[in-house]
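Every heavy atom of this structure was used, including side-chain atoms; hydrogens, water molecules and symmetry mates were not. Labels below follow one simple rule: chain letters A, B, ... track the order of the sequence lines, proteins then strands, and each chain is numbered from 1. Predicted, not measured: the structure shown is a model, and the values here were computed from it.
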There are 2 protein chains.
Amino acid sequence: MAATTAMASSGSSNRIEAQPLYVKARNIMVNRLIAGEWRPGQLLPSEFSIADDLGVSQGTVRKAMDDMTAQGLLVRKQGRGTYVAEAEDNSILFRFYRLTPDDSDATTDKAEFPESDYLAQSQGQATKQEQDIFLLSSEDMVWRFERLRSDPLGPILWERLVLPARQFPDFTPTTRLPNNVYQFYSSRYGIIVAKVNEKLRAVTAPQNVSQLLGLPDQAPVLEIDRRAVALNDQVVEWRISLCRSDRLHYRNELK
Amino acid sequence: MAATTAMASSGSSNRIEAQPLYVKARNIMVNRLIAGEWRPGQLLPSEFSIADDLGVSQGTVRKAMDDMTAQGLLVRKQGRGTYVAEAEDNSILFRFYRLTPDDSDATTDKAEFPESDYLAQSQGQATKQEQDIFLLSSEDMVWRFERLRSDPLGPILWERLVLPARQFPDFTPTTRLPNNVYQFYSSRYGIIVAKVNEKLRAVTAPQNVSQLLGLPDQAPVLEIDRRAVALNDQVVEWRISLCRSDRLHYRNELK
DNA sequence: AAGTGGTCTAGACCACTGC
DNA sequence: CAGTGGTCTAGACCACTTT
């Protein structure tokens, strides 16, 4: 079977396609993730079996999988096999959620994920900005959510969340998002969020927000403009959060 | 020579030290970096030569070096060899400097590194907080700097920078820090900054800072509390910056 | 016992650099 | 041309999980 599915050899003959085999193997596998052929949580075939399938050695498949594992797309379990990562695997807390109580000890870092109160929810035509962000046309629809999120000590942030309606076909005006949205996108729609781009600013809270958060008028808040990018490079979520930073902060580790 | 320097085999005999050879090899090499035996910019021995030295195969050394390269400690140059990374190699801009003009296109992202005006500079005994941060005793001294940093359009941030005096023995009250401090630590003292921990908050600018930055009174600014951690896990720099965020933002890509 | 990923080795060949 | 890192393969053995 290697005859039909084998990838071009990297041997001396082939000047075009100067791409290592393990990169091609990786691309093929990533495309299977994008296509939904391999879904989050699924057990993949063994390395040897994929190697046969692609017509390369097991070591080459391993290198490709090493990359994908490092990127958080796959999860290996010794003795059992390799699985497509689910949003839970990456411990969402440390991956995409950076707001931390000031007194937290990092050791006693409990998985306190904030609860949500829905202030508004509607479907509407994409604005110019939303068209740019999601690559939509002016007739396309988006879902918009406004939420107030709180931890046990009280409200911590206000946020507006926008989703392209096309990707979430079964939403209704009363559909609520679970607290861990990326887990939801992954398990329900097979959408794998590969990365998130954020822009942070210090701004003065609008009056309604400072009231909701219980802050004095004109209080400074942290504005986080976040765009979640799926494996196929499409933006699947746009979110603007206004966070109180009097008892929380945004932590970042740069390596 | 493998007889004396060889690392314990991972074979069946040895239950203690359940550590893969490549991890041991990595640790040995990292320790050479910490000890200053290998200095930034230096050309390392070839993989085969190190493999002989450590009594392992070249593939094992390669795997250890792969890790270190991924971590930004080493830089490979095909056909020439492997070098200890210098701060310039990692393109400091993208690694540790996250402030970006709002209009920047990422494509036209010029390496505009802000200039510094020194407002104050002094040596003094470490405060309680500084003792905690740098693991110093009460008699130990620190250097403190206050700077105003500007890009071509004007001032963008005020910052206070603290260094443990012991690590910078030849400083004088008029020693200035170059713009790229991590490059300076690396080339002059062999100090390799492995990572940086930051805490971000939105705060109201103190009056003197808002004046220096040309902002209205009570303007919100982004406070960045940063600790730079060296390879040996010691904090070597503490910095608090107050950044205008009306025409700049802090960009972050989470993967 | 069988199957999986994890480690380690050895050897081949390629691409690039510098002499 | 020799030396380096980069890729690819094949095979051995280990550690872990499941049957």
Side-chain angles (χ1 to χ4, degrees), chain A residues 2 5-29 38 42-70 73-85 89, chain B residues 2 5-29 38 42-70 73-85 89:
Chain A
T5 55
M7 299 180 293
S9 139
S10 68
S12 51
S13 62
N14 225 339
R15 278 292 151 74
I16 302 177
E17 291 240 11
Q19 215 181 16
L21 283 184
Y22 73 88
V23 173
K24 294 186 196 169
R26 185 185 182 290
N27 288 340
I28 290 175
M29 290 192 279
W38 288 347
Q42 182 178 336
L43 172 63
L44 296 188
S46 74
E47 296 177 346
F48 276 106
S49 140
I50 293 178
D52 278 355
D53 186 27
L54 301 182
V56 300
S57 78
Q58 175 254 4
T60 298
V61 170
R62 167 169 291 267
K63 180 151 186 176
M65 283 180 149
D66 276 348
D67 282 0
M68 296 171 72
T69 302
L73 298 179
L74 303 181
V75 174
R76 297 188 200 270
K77 307 197 177 176
Q78 188 176 92
R80 277 194 275 167
T82 303
Y83 296 77
V84 181
D89 293 326
Chain B
T5 56
M7 299 180 293
S9 137
S10 70
S12 51
S13 61
N14 226 337
R15 280 290 153 76
I16 301 176
E17 294 239 7
Q19 215 181 16
L21 282 185
Y22 73 88
V23 173
K24 294 186 196 172
R26 185 184 181 288
N27 289 339
I28 290 174
M29 291 192 278
W38 288 348
Q42 181 178 334
L43 173 63
L44 296 188
S46 75
E47 295 178 346
F48 277 106
S49 140
I50 292 178
D52 278 354
D53 185 26
L54 300 182
V56 300
S57 79
Q58 176 255 3
T60 298
V61 170
R62 168 170 291 266
K63 180 151 185 175
M65 283 180 148
D66 277 348
D67 282 1
M68 296 172 72
T69 302
L73 298 179
L74 303 181
V75 174
R76 296 186 198 270
K77 306 198 176 174
Q78 189 176 92
R80 276 195 275 165
T82 303
Y83 296 77
V84 181
D89 293 327

Looking only at side-chain N and O atoms, does Tyr22(B) come under 4.0 Å of OP1 or OP2 in dC8(C)? no

Taking only N and O in the side chain of Arg62(A), is any of them less than 4.0 Å away from OP1 or OP2 of dG6(C)? yes

To the nearest angstrom, the CE-P distance between Met65(B) and dG6(D) comes to 10 Å

Measuring to OP1 and OP2 of dG5(D), would you say a side-chain N or O of Thr82(B) lies under 4.0 angstrom away? yes

Without decimals, in angstroms, what is the distance between Leu43(B) CG and dG18(C) P? 11 Å

Given dG3(C), is OP1 or OP2 found less than 4.0 Å from the side-chain N or O atoms of Arg80(A)? no

Taken to the nearest whole Å, CD/Gln58(A) to C1'/dT9(C) is 14 Å

What nucleotide, of dG5(D), dT4(C), dT9(D), holds the atom closest to the side chain of Gln78(B)? dG5(D)

With a cut-off of less than 4.0 Å, is there a side-chain N or O of Arg76(A) near OP1 or OP2 of dG6(C)? yes

Residue whose closest nucleotide on DNA chain D lies nearer the 5' end, Ser57(A) versus Gly79(A): Ser57(A)

Write down the distance between CZ (Phe48(B)) and P (dA12(C)), rounded to a whole number of angstrom. 11 Å

Out of curiosity, Thr82(A) OG1 to Ile50(A) CD1, how far, rounded to the nearest 0.5 Å? 7.5 Å

Interatomic distance, Lys24(B) NZ vs dT7(C) C1' [rounded to whole Å]: 12 Å

Using whole Å, report how far CG of Asp67(B) lies from C1' of dG6(C). 14 Å

So, for Ala64(A) and Tyr22(A), which heavy atoms are closest and what is the spacing to 0.1 Å? CB-O, 3.5 Å

Find out whether Val56(B) and Lys24(B) are in side-chain contact, i.e. whether some heavy atom of one side chain is under 4.5 Å from a heavy atom of the other. no

Closest-nucleotide 5' rank along DNA chain C - winner of Glu47(A) and Val61(B): Glu47(A)

Atom-to-atom span, CD1 of Ile50(B) to P of dT9(C) - whole angstrom: 15 Å

Could you check whether Arg26(A) pairs with Asp66(A) (Lys NZ or Arg NE/NH1/NH2 to Asp/Glu carboxylate O, under 4.0 Å)? no

Starting at atom CG of Leu21(A), determine the distance to atom P of dT7(D), rounded to an integer number of angstrom. 11 Å

Is the shortest heavy-atom distance from the side chain of Met29(B) to the side chain of Leu44(B) under 4.5 Å? no

Between dT7(C) and Lys63(B), is there an OP1 or OP2 to side-chain N/O distance shorter than 4.0 Å? yes

